[in-house]
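Reminder, nothing fancy here: chain letters follow the sequence lines and each chain counts from 1.
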Protein chains: 2
Amino acid sequence: MTADNNQTEQVILTAAKSVFMKRGFAAARMQEIADEAGINRALLHYYFRSKEKLFEKIFSEAIGNILPGVKEIIDSDAALFEKIEQITARYIQFATEQPYLPAFVIQELNQHPDKIQMLFKESNNLPDPRKLVKQIDEEVKAGNIIPIQPAHLLVNVIALCVFPFVAKPIIHLVFGLSEEGFKNFIQERKKIVAQTIINSIKKH
Amino acid sequence: MTADNNQTEQVILTAAKSVFMKRGFAAARMQEIADEAGINRALLHYYFRSKEKLFEKIFSEAIGNILPGVKEIIDSDAALFEKIEQITARYIQFATEQPYLPAFVIQELNQHPDKIQMLFKESNNLPDPRKLVKQIDEEVKAGNIIPIQPAHLLVNVIALCVFPFVAKPIIHLVFGLSEEGFKNFIQERKKIVAQTIINSIKKH
DNA sequence: GTCTATAATTTGATAGAC
DNA sequence: GTCTATCAAATTATAGAC
């Protein structure tokens, strides 16, 4: 593989990511990807054969960027409250850097659940919740936190992190935030989410 | 307007809602709507002129079903904790009856933010958060709840209600739930969400 | 490896008969 | 009001020259 080859491939991937994230698979156009990459459509097919194959590449890369980090935290030996703080911090930081990603994943997940679920599985980085589930159950038993089902706690954490990004346009509308105001809002959530979760389960 | 006219129009709207919810605007096909309505494409255009107009009708109807109820609760004179319980109950009940709706709204919101924001505004049922914001601020000042910015509290409530529906395929995957298991999970959340929120803000 | 030209198909929309 | 036939545009994909 020549340097040029590699470089063009990378330019295409960058452009494809940008377009797929903004538009979603169905509304994305190969022409727009080509334009953004500064090449023509034929070359897209030369490198990736089809729109679908290109999409799969982009999607797998995207989840490959976030899953390993989350998995690592979930499987770590840290204490529960510490894990919660780490997960929220990493999630929000990641979504801040790639603000289109959460809505994109949710959109595709709901439109082709089987296919997307397979891509998640193939990534081999899907967090296995069992260890964390056990840890939560033990904290409950030990009387350190109030009784709560681990699945609900986990969903609560992810929901508080991710939702503001997918609901961004509605938040702008309801609270009349500027772009800057929204950024502030997200930064505040880095502390607020962990605090909210911990307050909701700790015994006082 | 004859009975037949009205009936056909209703059949089309029902079919269109089903298809748009499942596919989203970009991936929805007029042919599929026609098939599901048991008519042909030409008749769709006879009644609604274009795909876009049909979509707007469906979207406006959809948000028209949920917004007035939420607005009513938010503007009511109920105590804060009571409002939180009412909002969570209504949201989750509504999303249970129309499980595709939350992901659908989020998808379209992110793909055509300006247009969708306008449809929200035109509905004239967008909740005005000011009264609730004031109520929260007063509870904070009175020392009844911990200091929290109203916007974060509101986003937390909606996030915990809505997120499980938009993330349904991933929840299935991670926790290995059956369809029945997911329904149970959602029913449990009717109590858990309000409880989580209230625990997170009340003083102990 | 990259381009131009074009094929093949899909899809939203309209014309016109009944 | 409903249908068949057809148009016009868009879009993915390929063939072939350079």
Mark yes or no for whether [X], through its side chain, and [Y], through its backbone, hold a donor-acceptor pair below 3.5 Å.
X	Y	value
A/R29	A/V19	no
B/E108	B/F25	yes
A/K83	A/I74	yes
A/K17	A/A62	no

Nearest-angstrom distance from the residue atom [atom1] of [X] to [atom2] of [N]:
X	N	atom1	atom2	answer
A/N6	C/dT2	CG	P	11 Å
A/K51	C/dT9	NZ	P	18 Å
B/R23	C/dT10	CZ	P	15 Å
A/M30	C/dT10	CE	C1'	16 Å
B/I12	C/dG12	CD1	C1'	15 Å
A/D35	C/dC3	CG	P	12 Å
A/F48	D/dT12	CZ	P	16 Å
A/E32	D/dA10	CD	P	15 Å

Sugar-phosphate only, base, or nothing, as touched by A/A26 at under 4.0 Å among non-hydrogen atoms: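 Result for A/A26 = nothing.
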
Touch class at under 4.0 angstrom, heavy-atom based, for B/A34 against every strand present: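 The answer is nothing, as B/A34 stays clear of every strand by at least 4.0 Å.
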
Charged tip of A/K168 within 45° of A/F182 ring normal and under 6.0 Å: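 A/K168 over A/F182 ring: yes.
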
Are OP1 or OP2 of [N] and a side-chain N or O of [X] less than 4.0 angstrom apart?
X	N	answer
A/R49	D/dA13	no
A/T8	C/dG1	no
B/Y46	C/dT14	no

Bending between helix ends of the helix from C/dG1-D/dC18 to C/dC18-D/dG1 [5 pairs per end, 10° resolution]: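 Answer rounded to 10°: the end axes differ by 10°.
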
Student check: side-chain heavy atoms of A/L80 and A/L132 closer than 4.5 Å: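 They are in contact (side-chain heavy atoms under 4.5 Å apart), so the answer is yes.
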
Sub-4.5 Å side-chain heavy-atom contact between B/Q111 and B/Q107: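 B/Q111 vs B/Q107: side chains touch.
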
Close approaches to DNA chain D from residues 36-45 of chain A, in residue order (heavy atom, under 4.0 Å):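 Output list: A/R41, A/A42, A/H45.
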
Near-ring test A/F104/A/F20, centroid separation under 6.0 angstrom: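 No, ring centres 6.0 Å or more apart.
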
Distance-only polar pair, side chains of B/D35 and B/Q31, donor-acceptor under 3.5 Å: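 B/D35 vs B/Q31: donor-acceptor pair found between side chains.
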
